[in-house]
Amino acid sequence: MNLTRTFTEATPLLLQGLRITVLISVLAILFGTLIGFFSCLIGLSKLRGLREISAVYIWIIRGTPMIVQAFIVYFGFPQLIQMFNPAFRISAFTAGLVTLSLNAGAYISEIFRGGISAVDKGQIEAARSLGLSRSITMVRVTLPQAIKIAIPSMVNQFIITIKDTSILSVIGLADIVNKAKVYVGASYQFFTTYILVAVYYLVIISVLMLVSQRVEKRFNYERKKL
Amino acid sequence: MKEKILIKGLYKRFGKSDVLKGIDLAVKEGEVVCVIGPSGSGKSTMLRCMNRLETASGGVIIVDGIVMSDKRVNINKARENIGMVFQSFNLFSHLTVRRNITLAPVELKKKKREEADRDALALLKRVGLEDKIDAYPHELSGGQKQRVAIARALAMAPDIMLFDEPTSALDPEMIGEVLQVMKQLATDGMTMVVVTHEMGFAREVADRVIFMSDGVILEEGLPENIFSDPKENRTREFLKRVMPA
Ligand SMILES: Nc1ncnc2c1ncn2[C@@H]1O[C@H](COP(=O)(O)OP(=O)(O)O)[C@@H](O)[C@H]1O
Ligand SMILES: [Mg+2]
């Protein structure tokens, strides 16, 4: 066990992996939030068919392990599509991103739904009594308050998404865990390498938490001027 | 005088329970009608049927010539003309007082932002709160919140104002300031329907008092008649409970 040696030897490799981890996390959080937002709106639609789509999507994602979802996206679907288009290929990164985004999207959809239903009904009645339509009320009254309510759970989900990227090393995503495995295979520096990996995760997630604290403050109109 | 609100045979059912069992009511332009009665008698439900926050199960409701009970009416347009003030204020908690007041007029393109801002200030002067224009709702006392809520409703320049127990959530020392604003509104000729437990206000300001019990209007008349000489037993019992002599 030699921390300095591991540090100097492994760092270039781990940083390559870290780049991928951060990139796929940021993209998955972005896409996951978009998917979650639309899934939530669809889920609140007046049309039953639309509501069902959202419900089935959430049911499937929540009811299956992400590793199985990743296998289906990376190994399963390509095989299916190759029956029609033999040249079809999907990279581990793309498959990982699709899996991670769909996964985060389902949970974020539920978080948004919870936020919206936690908004005081009186706020909505007041808006409607002024003549504001359902949609204007949603955009100008319900959503701003729902998002504020949802922020802590959203941050929690973002943290889970960042950590879930590590699962994708099993389909060959070249993330930090994958790189660490490669280095450990050659150097047998298990302890120091994985401690280093843990520290990198801690750093990313601490940065996220700091950013989210600032965002939360911005949204906290209840304390803005006290 | 013209009828501003006309209700004929209003029925409202929640599931299996009949909450309103045939209400007939006419409110003339500029009239102030106070609705009293025990809790659970359907006062709020009747009021909320007037702007269709609740949909009637039967009967006809006509407000300012618009048949509110008709599914085809543009309900949003109709509601612009009917202000409502709630027991729990329901100020938009994420918006300043100014934005609470200007949201609807600006969104509904009744006014430009600058004009709406100017009107908001004028309305706040009217309710005595111009210094609170940049405050958030949580920074206001209950009485102040309710006065802002009245200003917010007035910003749409409605012809009719509905009040559902506007002072019931207030500390006693704040009731007066809200009633004062309402009294001024009545003097200015606003058509008002006020559900209230403030018998002093009803006696002084109402043109007519309505006593509701068990989903019907049991008795109505001039305030002096209802308060001094109620015809119905249940009215008498109710008044004895809320105004022990
Ligand atoms: N949304 C609702 N669903 C079911 N029952 C309701 C609903 N709103 C009111 N009620 C019932 O209708 C009756 C009348 O209520 P309400 O109009 O609020 O009376 P009041 O305002 O006179 O106290 C009560 O028994 C109440 O429980
Ligand atoms: Mg009530």
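Quick caveat: nothing in here was measured; it's all calculated off a predicted structure. Letters A, B, ... mirror the listed sequences (proteins, then strands); counts begin at 1.
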Check: Which bit of F86(B) is near chain A, if near means a heavy-atom gap under 4.5 Å: side chain, backbone, both or neither?
Finding: side chain

Checklist line | L53(B) portion near chain A, given a 4.5 angstrom heavy-atom threshold | finding: side chain

Check: From I136(A) CD1 over to L108(B) CG, what is the distance, rounded to the nearest 0.5 angstrom?
Finding: 5.5 Å

Next item on the list: Spell out the residues in residues 97-131 of chain A that have some non-hydrogen atom less than 4.5 Å away from a non-hydrogen atom of chain B, in order of number; otherwise answer 'none'.
Entry: D120(A), G122(A), Q123(A), E125(A), A126(A), A127(A), R128(A), S129(A), L130(A), G131(A)

Notebook entry, point to check: What distance separates K148(A) NZ from H94(B) NE2, expressed to the nearest 0.5 Å?
Noted result: 11.0 Å

Check: Given a strict heavy-atom distance threshold of 4.5 Å, which part of L162(B) is in contact with chain A: side chain, backbone, both, or neither?
Finding: neither

Check: Given the options I82(B), N81(B), L91(B), N74(B), which has more heavy-atom pairs under 4.5 Å with chain A than any of the others?
Finding: L91(B)

Checklist line | Pairs of heavy atoms under 4.5 Å with chain A: top-ranked of R52(B), R48(B), E107(B) | finding: E107(B)

Margin query: Using a 6.0 Å cut-off, check whether atom CZ of F7(A) has over 12 heavy atoms from anything other than its own residue.
Written below: no

Note to self: Taking side chain as everything from C-beta outward and backbone as N, CA, C, O, which of these in R152(B) sits under 4.5 Å from a heavy atom of chain A? Side chain, backbone, both or neither.
What the structure shows: both

Check: Has F77(A) got more than 12 heavy atoms of other residues, nucleotides or ligands less than 6.0 Å from its CZ?
Finding: no

Note to self: If we define contacts as heavy-atom pairs under 4.5 Å, which of K77(B), R79(B), M156(B) has the most with chain A?
What the structure shows: R79(B)

Next item on the list: Select all residues of residues 20-58 of chain A having any heavy atom within less than 4.5 Å of some heavy atom of chain B, and report them by number, or 'none'.
Entry: none

